[in-house]
2 protein chains.
Amino acid sequence: MPIRKTTTTLADGRELIYFDDTAPYVGGTATRELRDSRDPAPVAVTGTMRYDVLTGEWVALASHRNSRTFLPAPDECPLCPTRPGRPATEIPADDYDVAVFENRFPSFALGAQPPSPEHVDGEALWPQRAAAGRCEVVCFTSDHDRGLAQLPVSRVRTVLAALVDRTRALSALPGIAQVYCFENRGEEIGVTLRHPHGQIYAYPALPARTEALLRQSRTHHRRTGRVLLRDVLDAERRAGTRMVIEAEHWSAYVPAAARWPVELHLAPHRDVPDLTELTDDELDELAALYRDILTRLDRYFDGVTALPYIAGWHQAPIGADRGLGRLHLQVFSLMRAPHRMKFLAGSESGMGAWISDTTPEAIAARFRAVAPDRGTP
Amino acid sequence: MPIRKTTTTLADGRELIYFDDTAPYVGGTATRELRDSRDPAPVAVTGTMRYDVLTGEWVALASHRNSRTFLPAPDECPLCPTRPGRPATEIPADDYDVAVFENRFPSFALGAQPPSPEHVDGEALWPQRAAAGRCEVVCFTSDHDRGLAQLPVSRVRTVLAALVDRTRALSALPGIAQVYCFENRGEEIGVTLRHPHGQIYAYPALPARTEALLRQSRTHHRRTGRVLLRDVLDAERRAGTRMVIEAEHWSAYVPAAARWPVELHLAPHRDVPDLTELTDDELDELAALYRDILTRLDRYFDGVTALPYIAGWHQAPIGADRGLGRLHLQVFSLMRAPHRMKFLAGSESGMGAWISDTTPEAIAARFRAVAPDRGTP
């Protein structure tokens, strides 16, 4: 399947990239109007990050984001193609397959200026720095009403190709520590645009979960000489009690200490640091498995046809600790019973002490029970 | 103010303790019926904890909690006093000032049995243990409809006396690593009982936030010979830019890297590890300041008269690292604009990378602007 990539620029200077998989290619052709006709609006690049000395984490301050677009009417969706008689959207083509563009309300932007002074209030305890990264939006389809699970496997494969391309490109930008491709789905978790889309954050500092994973991986490697995530995968396959899918190149399992009410990890059998090092065979199988997993999510709770979920690709960090990382997908939901969300209150939000209302084995049993029927297209 | 403490036992064996501050004492008198007349229901003590090898954190599994009481009708509130003609509640007295009892759906219980085998599926990567701690509920008042901010300062002082008593008692129980007193308020953050109440968790393992704080404190102490939290307080008072209240014994400030849309820390001027070591003068001032802070929360957003919030007391851990801890209160809200909640989606929940939609200085300015009027009772 040949994928055609076309890189363009929006009126305000942001990059917009089409990934088209179907001839006649609908995005990026010379015969269509691809120029953004809107007046350029100023793009906010004022973000800073502050070091939280109580936790050792960097917190991004992005106050310009509080005015971001919030649940617009369907005919004002900024992720739909630009159509005659409608206001221009973020995508100045009348159709597309998959499109990626720089977020207009980015938490991280390479143009962010280093704050002065170097420390908040000049106090040595509080370093601050520019939130100099990049945030992109990935539109999965031009169809406002079809989620990833409703798209053909071939289109999911195009989305993956876009993630591979963007991971490679963003990893090469100056000062990037890690690239995170993720999807938030559902208003229950605060999604502000209904159009099916994912996001990519290129972080300038390692996020807390990666720092924790690296600490654990380093200790494990010192003790055993092995890669922690590899040993976790092997142990899950050996135990089998939480295994959901074992395919040729990938396995999906509920982790032994799953903390979310619904959680599934998907890992390649081969040691792979990030999406860019997957083979075509691995990507092809992944497209089908990913769609399979998303289908199970929408069958997980009776009466919930669109489970709110977060799906995120944990990739190896860029730089010295790359060898400790190993690609895996984490899919989870905060729904704990039909239409009842888990809230992160005192124990979780105040203390970081997680209380799960279920067991990993019960989650795995449910994921197995809601497998798509054979023969489902 | 003499506080009378009366310890009793519920029908199912759980402890119930009255803290009465006003004569005639309404709870715990010989002339009133204090015996729980209900049939004893079995108390779940099945909780286990699993070690999450990817993060180094212990996750508690409490699947029995998924059936806990959820937003009962006001006349079925289990935290109200037991009144003639109504079903018996958790509190078998017809009135009380402050009452504390063991949670009927505890995440941690001392009776929890060690799971077998010692590792999940017998795999060395996945230690598991009993969730052997204790969870208590603190009823602030017998009045179903009055929050802490509406109670007289003297009653807030009684609540503090109860927290001091319980911190001392729970710290002395076997295997407890840290005692966390907190309040979740508001259905927006998942509160399942509307009656004004707080909770106390006695954790058998140090929560993630404490582990992070200890890591940071240890590094700081090695480098400077000083206590991190003391230096943070001094730096905030020196800078002044985020200071909200400076009283005789306490200061309230927005931390330099505040991650929540609304966040305030309150710390004593004297180095104190936990609530049990506060003097009467410090507790008296604290009662007034705490009520002041809660009043500001309910004036923070125009049109929001009861801000959903989490207030938690970070106390020094029990044991070897006690000297690195220092008492402070963290009050925060996930509301980012009137009636609009911040959601923890991909970046926060998946990666632990926090993006704030505001600045700590803006939060502090707002907290100063909504100070209670002088002379407010």
Side-chain angles (χ1 to χ4, degrees), chain A residues 50-57 59-63 65-66 107 120-121 123 125-126 180 182 184 189-190 199 201 203 207-210 212-213 215-216 228 231-232 235 239 241 255-257 259 310 312 330 336-337 342-347 349-359 362, chain B residues 50-57 59-63 65-66 107 120-121 123 125-126 180 182 184 189-190 199 201 203 207-210 212-213 215-216 228 231-232 235 239 241 255-257 259 310 312 330 336-337 341 343-347 349-359 362:
Chain A
R50 291 188 181 182
Y51 183 69
D52 179 2
V53 71
L54 300 183
T55 61
E57 300 167 14
V59 175
L61 306 185
S63 50
R65 276 172 55 80
N66 223 352
S107 302
V120 178
D121 296 321
E123 292 283 349
L125 286 174
W126 303 319
Y180 184 51
F182 64 103
N184 298 329
I189 54 164
Q199 296 185 68
Y201 275 21
Y203 293 110
R209 188 180 198 275
T210 304
L213 182 57
R215 260 196 313 274
Q216 295 293 107
L228 175 63
D231 282 0
V232 165
T241 40
R259 66 183 60 192
I310 295 167
Q330 178 194 25
R336 66 180 176 95
K342 177 177 179 66
F343 291 93
L344 305 180
S347 190
S349 289
M351 268 304 196
W354 239 257
I355 322 282
S356 169
D357 292 324
T358 181
T359 66
Chain B
R50 293 188 180 181
Y51 183 70
D52 179 2
V53 71
L54 300 183
T55 60
E57 300 167 14
V59 176
L61 306 185
S63 50
R65 276 172 54 81
N66 224 351
S107 303
V120 178
D121 297 319
E123 292 283 351
L125 285 174
W126 302 318
Y180 184 51
F182 63 102
N184 298 328
I189 56 163
Q199 295 186 68
Y201 275 21
Y203 293 109
R209 189 181 198 275
T210 305
L213 181 56
R215 259 196 314 274
Q216 295 293 107
L228 175 62
D231 282 0
V232 166
T241 41
R259 66 182 60 192
I310 296 168
Q330 179 194 24
R336 66 180 176 95
M341 304 297 287
F343 292 93
L344 305 180
S347 190
S349 288
M351 268 304 196
W354 238 257
I355 322 281
S356 168
D357 292 324
T358 180
T359 66

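Protein chains get the first letters and strands the later ones, always in sequence-line order, with residue 1 at the start of each.
Looking at Val120(B), the atoms closer than 4.5 Å to chain A (heavy atoms on both sides) all sit in the side chain, from C-beta outward. Of the two parts of Asp52(B), the backbone and the side chain both hold a non-hydrogen atom closer than 4.5 Å to a non-hydrogen atom of chain A. Within the 4.5 angstrom heavy-atom criterion, atoms from both the backbone and the side chain of Tyr51(B) approach chain A.
Contact detail for Thr358(B) and Leu61(A): the closest heavy-atom pair is O-CD2, 3.9 Å. Residues Ala353(A) and Pro207(B) come closest through the heavy atom pair CB-CB, 3.8 Å. For Tyr201(B) against Ile355(A), the heavy-atom pair with the smallest separation is CE2-CD1, 4.1 Å. When all heavy atoms of Leu125(B) and Ala235(A) are compared, the pair lying nearest together is CD1-CB, 4.0 Å. The shortest non-hydrogen separation linking Val53(A) to Val232(B) is CG1-CG2, 3.8 Å. Closest approach of Gln330(A) and Gly350(B) over heavy atoms only: OE1-O, 3.8 Å.
Within the 3.5 Å criterion, the main-chain N or O of Gly346(A) finds a donor-acceptor partner in the side chain of Asn184(B). In this structure, Gln216(B) contributes its side chain and Leu54(A) its backbone to no donor-acceptor pair below 3.5 Å.
One finds the CD1 atom of Ile310(B) at 10.0 Å from the OG atom of Ser347(A) (value rounded to the nearest 0.5 Å). The distance from the OG atom of Ser349(A) to the CZ atom of Phe182(B) is 10.5 Å, given to the nearest 0.5 Å.
Taking chain A as the reference chain and counting heavy-atom pairs below 4.5 Å, the highest number among Thr241(B), Thr210(B), Thr359(B), Asp231(B) is found for Thr241(B). Chain A forms more heavy-atom pairs under 4.5 Å with one residue of Gly352(B), Ala212(B), Ala60(B) than with any other, namely Ala60(B). Contact count against chain B (heavy-atom pairs under 4.5 Å) is highest for Ala256(A) among Gly312(A), Gly56(A), Ala256(A), Ala239(A). Of the residues considered (Glu57(A), Lys342(A), Glu123(A)), Glu123(A) shows the highest number of contacts with chain B, using heavy-atom pairs under 4.5 Å. The candidate from Ala208(A), Pro255(A), Ala362(A) with the greatest count of non-hydrogen atom pairs under 4.5 Å with chain B is Ala208(A).
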Checklist entry - side-chain contact (heavy atoms from CB on, under 4.5 Å) between Met351(B) and Tyr203(A): does it pass, once the steps are laid out? => result CA-CA 10 Å; Met351(B) 268 304 196; Tyr203(A) 293 110; 3.9 Å; yes
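Side-chain atoms of Thr55(B) and Arg259(A) form a donor-acceptor pair, as typed in the model, at a separation below 3.5 Å.
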